[in-house]
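Just so you know, these numbers use all the heavy atoms, side chains as well, and skip hydrogens, waters and symmetry mates.
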Amino acid sequence: MNRVTLQDATEEHLQQQLAAIATHYGNVGAFIHIHPVFQANHNSSVAYFPEEKAIIKQVFFIAKHLKKSLNAAANHGRSCFCTVARLDGAFGVEHKVNFGAIGAGLFGLTKTMIWEWPKVYCRAIDLSPDFSAETSAQYIVAELHDPNRYLTEVAYGSQGRVTLVSVPDR
């Protein structure tokens with residue numbers, strides 16, 4: 001597998017690397033961001049990590065610069081934009097893990113892409129940080145092949161596979 005590593009976090013460098021990828025390998029037809037785990041101690045309040053903020057900023061820039069490529073690829077088959085966070089496997093509502101709050105922004109970005117890029121398959125996934133790499137990979141692959149394009153976000157954790165639904169207030 002070929003790997004392209006960003007040497008710095010500037011948007012200009014990102015653009016150069018994406019151009020190099022297109023030249024050497026072809027246009028990008030799928031993007032999957034697997035966010036690292038950022039956990040604070042349980043005594044801390046909401047955790048904000050500067051490193052996490054920098055990563056999220058890069059993912060936003062990547063989305064900006066992959067718009068044309070992913071939409072073009074969608075004309076010839078399934079293209080995808082997928083983000084994977086490692087909050088708690090329940091969209092952060094179980095309150096068992098003090099995760100980095102900034103990573104939850106991936107869900108908003110991905111849900112926005114669904115509206116802006118209707119032909120591109122977009123999915124945001126929250127995996128329990130307790131899962132092994134193998135288990136996580138199985139869930140990611142399963143989501144990439146899910147035919148239900150109406151789901152925008154799913155989580156895998158102690159309750160299995162879940163998604164959010166709205167219910168009327170009674």
Side-chain angles (χ1 to χ4, degrees), residues 1-38 49-87 89 91-92 99-127 131 133-156 161-166:
M1 175 168 293
N2 298 311
R3 174 180 243 167
V4 176
T5 304
L6 296 176
Q7 300 303 318
D8 65 56
T10 65
E11 185 175 6
E12 296 78 23
H13 180 64
L14 172 64
Q15 286 178 282
Q16 291 169 351
Q17 293 299 83
L18 289 173
I21 290 169
T23 300
H24 291 90
Y25 308 109
N27 290 328
V28 175
F31 173 77
I32 304 168
H33 170 71
I34 302 175
H35 200 63
V37 175
F38 287 90
F49 300 96
E51 305 87 3
E52 186 173 28
K53 182 179 176 183
I55 292 169
I56 296 297
K57 184 177 178 181
Q58 271 306 87
V59 176
F60 272 75
F61 282 143
I62 289 169
K64 172 183 171 182
H65 294 291
L66 287 182
K67 176 183 178 179
K68 184 177 179 182
S69 178
L70 291 177
N71 278 283
N75 291 325
H76 305 288
R78 190 172 198 170
S79 68
C80 74
F81 182 90
C82 179
T83 57
V84 181
R86 310 276 307 229
L87 305 179
F91 304 109
F99 53 84
I102 296 171
L106 292 169
F107 292 91
L109 171 64
T110 306
K111 289 188 283 188
T112 300
M113 297 298 94
I114 289 168
W115 290 102
E116 293 187 12
W117 305 344
K119 295 186 287 182
V120 176
Y121 176 83
C122 299
R123 180 72 48 98
I125 306 167
D126 176 23
L127 298 175
F131 289 152
E134 294 80 19
T135 300
S136 297
Q138 290 172 351
Y139 290 141
I140 293 167
V141 169
E143 290 306 316
L144 292 175
H145 290 93
D146 184 12
N148 185 350
R149 292 181 59 116
Y150 292 109
L151 285 179
T152 58
E153 54 196 0
V154 297
Y156 288 88
R161 182 180 189 250
V162 296
T163 191
L164 299 173
V165 295
S166 62

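Residues passing the side-chain contact (heavy atoms from CB on, under 4.5 Å) test with Ser166, sequence neighbours excluded: none. Remark: Tyr121 pairs with no residue by the ring pair (Phe, Tyr, Trp, His ring centres under 6.0 Å) rule, at least two apart or across chains. Judged as a side-chain hydrogen bond (donor to acceptor under 3.5 Å, both in side chains), and not counting sequence neighbours, the contacts of Thr10 are Asp8. Scored by the side-chain hydrogen bond (donor to acceptor under 3.5 Å, both in side chains) test, Asn75 finds Lys119 as partners (sequence neighbours excluded). Not counting sequence neighbours, the partners of Pro36 by the side-chain contact (heavy atoms from CB on, under 4.5 Å) test are Phe38, Ile55. The salt bridge (Lys or Arg N to Asp or Glu O under 4.0 Å) check on Lys111 picks up Glu153, with sequence neighbours excluded. With sequence neighbours left out, Arg161 forms a salt bridge (Lys or Arg N to Asp or Glu O under 4.0 Å) with Glu143, Asp146. Under the side-chain contact (heavy atoms from CB on, under 4.5 Å) criterion, Ile62 pairs with Leu14, Phe31, Leu66, sequence neighbours left out. Every residue two or more places apart in sequence or in another chain that forms a side-chain contact (heavy atoms from CB on, under 4.5 Å) with Val141 is listed here: His145.
Here the closest non-hydrogen pair linking Ala85 and Gly103 is CB-O, 4.4 Å. In terms of heavy atoms, Leu6 sits closest to Gln17 at CD2-CG, 3.6 Å.
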Q. Given Thr110 and Phe81, is the side chain to side chain contact (heavy atoms under 4.5 Å, CB included) satisfied, shown in steps?
A. CA-CA 7 Å; Thr110 306; Phe81 182 90; 4.0 Å; yes
Q: Please step through side chain to side chain contact (heavy atoms under 4.5 Å, CB included) for the pair Asn71 and Ser79, ending with a clear verdict.
A: CA-CA 7 Å; Asn71 278 283; Ser79 68; over 6 Å; no
Q: Could you walk me through whether Val162 and Val154 pass side chain to side chain contact (heavy atoms under 4.5 Å, CB included), step by step?
A: CA-CA 6 Å; Val162 296; Val154 297; over 6 Å; no
(Q) Under the criterion side chain to side chain contact (heavy atoms under 4.5 Å, CB included), I'd like the reasoning laid out for Thr152 against Arg123: C-alpha separation, chi angles, the key distance, then a yes or no. (A) CA-CA 5 Å; Thr152 58; Arg123 180 72 48 98; over 6 Å; no
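Summarising the geometry, atom CG belonging to Asn148 is positioned 4.0 Å from atom CG belonging to Leu151; distances are rounded to the nearest 0.5 Å. Interatomic distance, Trp117 CH2 to Lys68 NZ, rounded to the nearest 0.5 Å: 14.0 Å. Here Glu116 contributes atom CD and Leu109 contributes atom CG; the two are 9.0 Å apart, rounded to the nearest 0.5 Å. To the nearest 0.5 Å, atom CD of residue Gln15 and atom CD of residue Glu12 are 6.5 Å apart.
Side-chain atoms of Leu106 and Val84, non-hydrogen and from C-beta on, never get closer than 4.5 Å to each other. Between Ile125 and Cys82, the closest side-chain pair of non-hydrogen atoms falls below 4.5 Å. Within the 4.5 Å cutoff, no side-chain heavy atoms of Ile102 are placed close to those of Phe49. With contacts defined as side-chain heavy-atom distances shorter than 4.5 Å, the pair Leu127/Thr135 does not qualify. The side-chain heavy atoms of Leu87 and Phe107, taken from C-beta on, include a pair separated by under 4.5 Å.
A donor and an acceptor atom, one from each side chain of Arg86 and Ser136, are located under 3.5 Å apart.
Applying the salt bridge (charged side-chain N to carboxylate O under 4.0 Å, His left out) rule to pairs touching residues 69-84 yields nothing, sequence neighbours excluded. Within the structure, ring-ring contact (aromatic ring centres under 6.0 Å, His included) pairs that include any residue of residues 5-28 do not occur (at least two apart or interchain). Among pairs with a residue in residues 51-67, those fulfilling side-chain hydrogen bond (donor to acceptor under 3.5 Å, both in side chains) read Glu11-Lys64, Glu11-His65, His35-Glu52, at least two apart in sequence or across chains.
Judged by distance alone, the side chain of Arg149 and the main-chain N or O of Cys122 form no donor-acceptor pair under 3.5 Å. Checked by atom type and distance alone, the side chain of Asn27 never pairs as donor or acceptor with a backbone atom of Ser69 at under 3.5 Å.
Aromatic pair Tyr156/Phe131: ring centres not closer than 6.0 Å.
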